[in-house]
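Take a look at the following structure, please.
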Amino acid sequence: MTLVALGDSLTAGYGLPGNAALPAVLERALKERGHDVEIVNAGVSGDTAAGGLERLDWSVPENARGVILALGANDMLRGLDPAQTRRTLDTIVTRLKARNVEVLLAGMYASRNLGPDYVARFDSIYPDLAKKHGLILYPFYLDGVAGQRNLNLPDGIHPNAEGVRTMVERMLPTVETFLARLKGV
């Protein structure tokens, strides 16, 4: 089964060798648990949700059964209007579902220094879209890693190899639930 991890630098594996990027580590973890799966790394550093939408058709091949959608962090870091990010992610999900491609939505939280209004508007994007489209939601892509110096590169934003392993460990049960949905179990 082919899955595509559609994301930004957090997916691409910024600063890491390809075999240490999240899609590769997640694929190995799933195979160790008996899942016959290939995860295509469609992460592009610096990408916003709009960038992901622009490259959606060529990033997600016809044989893809599911997409792990992990976009929006750069929208937040740039302070883009959360309404714009919401619309763009909604369009991506709608287009994938029209192709019968299931989506696991990997959420992001806004940096708290952006103010309570921005935080409330941004943080609601992912649960609202998951509810609207009946998606499996992994609420926070950087769960267990954000703010942990020992799990990040010196920039404090991108996970190091250990941070990626932590991300995979934490999201593995949600991804297995997603695989069960794809298999119709």
- Query: Can you check whether Leu3 reaches Glu38 side chain to side chain, under 4.5 Å on heavy atoms?
  - Reply: no

- Item | Nearest atoms (heavy-atom pairs only) where Val4 meets Ala42 |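 The pair with the smallest heavy-atom distance is CG1-CB, 3.6 Å.
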
- Would you call Arg121 and Asp81 a side-chain contact if the rule is heavy atoms closer than 4.5 Å?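 Yes, at least one pair of side-chain atoms sits under 4.5 Å.
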
- For the student: nearest non-hydrogen atoms of Tyr118 and Leu80, plus distance: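 The answer is OH-O, 2.7 Å.
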
- Item | Nearest non-hydrogen partners of Met108 and Phe140, listed with the distance | SD-CE1, 3.7 Å

- Task: Please report the closest heavy-atom contact between Met76 and Ala110, naming both atoms and the distance.
- Result: CG-CA, 3.6 Å

- Item | Listed partners of Lys97 passing side chain to side chain donor-acceptor pair (under 3.5 Å), at least two apart |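 Listed in chain order: nothing, the list is empty.
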
Sequence neighbours excluded and cut-off under 3.5 Å, please list the side-chain donor-acceptor pairs for residues 8-22, or say none.
unit_1: Asp8; atom_1: OD1; unit_2: Leu10; atom_2: N; d: 3.0
unit_1: Ser9; atom_1: OG; unit_2: His158; atom_2: NE2; d: 2.8
unit_1: Thr11; atom_1: OG1; unit_2: Tyr141; atom_2: OH; d: 2.8

- Item | Contacts of type side chain to side chain donor-acceptor pair (under 3.5 Å), residue Asp75, not counting sequence neighbours |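 With sequence neighbours excluded, Asp75 shows a side chain to side chain donor-acceptor pair (under 3.5 Å) to Thr85, given in chain and number order.
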
- Message: I need the minimum non-hydrogen distance between Leu105 and Tyr126, along with the two atoms involved.
- Response: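 For Leu105 versus Tyr126, the nearest heavy atoms are CD2-O, 3.4 Å.
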
- Message: So, taking the atom named CD1 in Ile39 and the one named CG in Leu26, what distance separates them when rounded to the nearest 0.5 Å?
- Response: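 Atom-to-atom, Ile39:CD1 and Leu26:CG are 3.5 Å apart.
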
- Under a 4.5 Å cut-off applied to non-hydrogen side-chain atoms, are Val164 and Pro159 in contact? yes

- Message: Surrounding CG of Asn150 (heavy atoms of other residues, nucleotides or ligands, distance under 6.0 Å), is the total greater than 12?
- Response: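 Yes, because the 6.0 Å sphere around CG of Asn150 holds more than 12 heavy atoms from other groups.
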
N/O donor to acceptor pairs below 3.5 angstrom from side-chain atoms of residues 60-67, sequence neighbours left out:
unit_1: Arg65; atom_1: NH2; unit_2: Leu182; atom_2: O; d: 2.3

- Message: Could you work out, with side chain to side chain donor-acceptor pair (under 3.5 Å) as the rule, every residue matching Asn152, not counting sequence neighbours?
- Response: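 Testing Asn152 for side chain to side chain donor-acceptor pair (under 3.5 Å), a comparison that skips the adjacent residues, returns none.
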
- Does anything in residues 163-177 pair up under side chain to side chain donor-acceptor pair (under 3.5 Å), and if so which pairs, sequence neighbours excluded?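 Applying side chain to side chain donor-acceptor pair (under 3.5 Å) to every pair that reaches into residues 163-177, excluding sequence neighbours, yields Arg33-Glu176, His35-Glu176, Asp143-Arg170, Glu162-Arg165.
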
- Got Leu71 and Thr48 here, is their nearest side-chain heavy-atom distance under 4.5 Å? no

- Message: Atom CZ of residue position Arg78 - does it have more than 12 heavy atoms of other residues, nucleotides or ligands inside 6.0 Å?
- Response: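 Atom CZ in Arg78 is packed in, count exceeds 12.
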
- Check Ser124 against Arg86 and note the closest heavy-atom contact, atom names and distance.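 Taking Ser124 first and Arg86 second, the nearest heavy atoms are OG-NH2, 2.8 Å.
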
- Item | Asp123 bridged to Arg112 by N-O distance under 4.0 Å | yes

